[in-house]
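A short worksheet on the structure shown next.
This is a predicted model, so every value here is computed, not measured. A, B, ... follow the sequence lines: proteins, then strands. Residue 1 opens every chain. The figures here come from the full heavy-atom set of this structure, side chains too, leaving out hydrogens, waters and symmetry mates.
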Number of protein chains: 2
Amino acid sequence: MTTLSPSGPVAGQRKVRRATMNDVARLAGVSIKTVSRVVNDEPGVHPSTAERVLAAIDQLGFRRNLSARNLRRGSSTGTIGLVLEDVGNPFYSGVTRAVEEIARLRGRQVISGSSDEDPGRERELALEFCSRRVDGLLIVPAGLQHSYLVPEMRAGTPVVFLDRPAGDVVADTVLVDNIGGTVEAVTHLAAHGHRRIAFLGDAPDIFTANERLRGYREGCVRAGIGYHEELVAMGPHDESSVATTLQRLQSMREPATAIVAGNNRITVYILRALAGVAERPALVGFDDFELADLLSPPVTVIAHDASALGKAATDLLFARLDGDNSPPRRVVLPVRLVPRGSGEVHA
Amino acid sequence: MTTLSPSGPVAGQRKVRRATMNDVARLAGVSIKTVSRVVNDEPGVHPSTAERVLAAIDQLGFRRNLSARNLRRGSSTGTIGLVLEDVGNPFYSGVTRAVEEIARLRGRQVISGSSDEDPGRERELALEFCSRRVDGLLIVPAGLQHSYLVPEMRAGTPVVFLDRPAGDVVADTVLVDNIGGTVEAVTHLAAHGHRRIAFLGDAPDIFTANERLRGYREGCVRAGIGYHEELVAMGPHDESSVATTLQRLQSMREPATAIVAGNNRITVYILRALAGVAERPALVGFDDFELADLLSPPVTVIAHDASALGKAATDLLFARLDGDNSPPRRVVLPVRLVPRGSGEVHA
DNA sequence: CCGCTGGGGGACAACGTTGTCATAGTGGCC
DNA sequence: GGCCACTATGACAACGTTGTCCCCCAGCGG
């Protein structure tokens, strides 16, 4: 092995055992404990000794092994686990960002994974994180069974569910006002004269989809326009299923004149299906999205803040880590209707 | 401590020491090594013994401590570290998703963090990940100095840089064809008759921003329209700086009739600034984005695939982990111009 | 009846770190 | 000059797991 200038190339050279505190100690001519003291900024080390140790650390490229440290100290591993549906979805990447932000302030790293709406995968990820002894767990539930987490929670790992509640476990939960949101959407559309309002939602076994459907229903009733089964199409949806649904809705004897979209993906599918269509139904989408205001017509949405959701959940988690022992809380974040045009089209 | 039904609430109850293999061994009446064998599916355990052990594991809610395991085994920790600019940016969340996907296939967890374009933060994150003994590191460089990674690379941690090259270290790198992209953008605009083409780019110390500027310049020269300093505005940009720049560009003696936007954020700022303006310049944006095709006019872009970038980098990383010792590679992914309308406006 | 084989299982050390406790030296004070 | 307080340092065990090596015992062939 030749000397390596900082600017020199480095590539192969595997199997070079990493320096440990022992190596540093030997090189600096001190005991391993003294190295530990220096590394951890503990007091009681003579400045000249510390200097020698630091030089050795530098020379050997020593970096302390956190696995060993965590094992020995037993307390915090400095990590929190985040299980969500899909980091690729802008909504969840916003959540991730917020979580990361707060974790950083509290000196924690975030380990995350996407469940893709698969309960098995969610469980696998969560338990894997527990094996890594994360300090806490943030979960966007994919399924309805979470009793697998009971042993972990008993062992002291706080868990906060976000966006959807857990199935069979009572724990901190942060939700958004799904029902209120779709009630408002329907009310808004009805106020603009619509009486045939359709709802396109995600798979009904998804909590948020179901809640939003309930809100839609309630909104219809409150608005006095009644609830009509044939105006509802629950998912799972993809671009083509949405397109077919729209055709069906518009070719009815009494066509739908307005649509409420159950989430950001469905909204986009609808927009795509309607592109170029002259006679467009009014539209209100659940979830805000970038550029909604720049489309024509601009898209009216039920907005809620991904980063507020992430922040609320993470704050709750850290409160638990700080020793908060109060009974589990359920936080419901408000949503607000942002009128932009697409929902203000007259019937 | 009372028994706890699966559906029962769980919240406080901290400080319940986690069960270890020792506890399991005692309960099952076997040695700790036998527990280890069962947990690791090692052969040579009598079925009936294994059953007893599994029952004990279940009863105690045992979950093996990966810190201890990793320490003892010394080899892989089953994690890879990902340092990027901002998970909140859809481009990077696409990268993250792709990385996660492949890591999953190879049985790895992803630990990620956002540097926010701060070299210090990048370094902090990368070194923290090294302390956790990640199996490999994927980095979107924020700065130009990466010699801090030399000891880590020597110690056998493979590093792949993506989207931008490292400053002073030779390592695997995956880039996109930035120069080719802006050359093509300018060529495209010039072909549509534009002779006053502006370029709005990110801060020039960012590699991609600088490359794209070079491509813009080269494109101008090739198109025979010359390079004009006053048509270039490098960042950092925000919504208002972009708006002011646009005003300046349009109030010149010979106004710009077309714009090349240096990245997805700038493109959006431009769109926002142009909203409602009657006389719009032609526009080509670097980076594709969702809904670009649904705007009016639809936005012509230089598209490149975030997930292809993430995949290429992760594949490279795993090749190293599989023992590939060849010299560092530099992969340049192609970009392609997607004409949609905004770039085809006549001068 | 003896030795051999192989399956099932255990004792023990080691991974790299940190907490506890002990100890050597140094200077000050009565 | 003896004792104390204090600083600087080290020896050692322990964290929870796994790799190595060893042992016991049943079964079997000679």
Calculate the interatomic distance between H46(B) atom NE2 and dA26(D) atom P; express it in whole Å. 14 Å
Separation of N70(B) atom CG from dC15(D) atom P, in whole Å? 19 Å
Any T34(B) side-chain nitrogen or oxygen under 4.0 Å from OP1 or OP2 of dG10(C): yes
OP1 or OP2 of dT9(D) less than 4.0 angstrom from a side-chain nitrogen or oxygen of T49(A), does that happen here? yes
Is the closest side-chain donor-acceptor distance between [X] and [Y] under 3.5 Å?
X       : Y       : result
N40(B)  : R69(B)  : yes
N70(A)  : T77(A)  : no
R26(B)  : S31(B)  : no
E51(A)  : H46(A)  : no
D324(B) : S326(B) : yes
S114(B) : E100(A) : yes

Please encode protein proximity along nucleotides 16-24 of chain D as a string of B, S and -, counting only heavy-atom distances under 4.0 Å. BBBBB----
Have a look at the helix from dC1(C)-dG30(D) to dC30(C)-dG1(D) and give the angle its two end axes make, five pairs each, rounded to 10 degrees. 70°
Assign G44(A) to base, sugar-phosphate, or nothing according to its heavy-atom contacts below 4.0 angstrom with the strands shown. base
Salt bridge (charged side-chain N to carboxylate O under 4.0 Å, His left out) between E128(A) and R133(A): does it pass, once the steps are laid out? CA-CA 9 Å; E128(A) 165 84 25; R133(A) 297 292 186 270; over 6 Å; no
In this structure, OG of S112(A) is separated from OH of Y92(A) (nearest 0.5 Å) by 13.5 Å
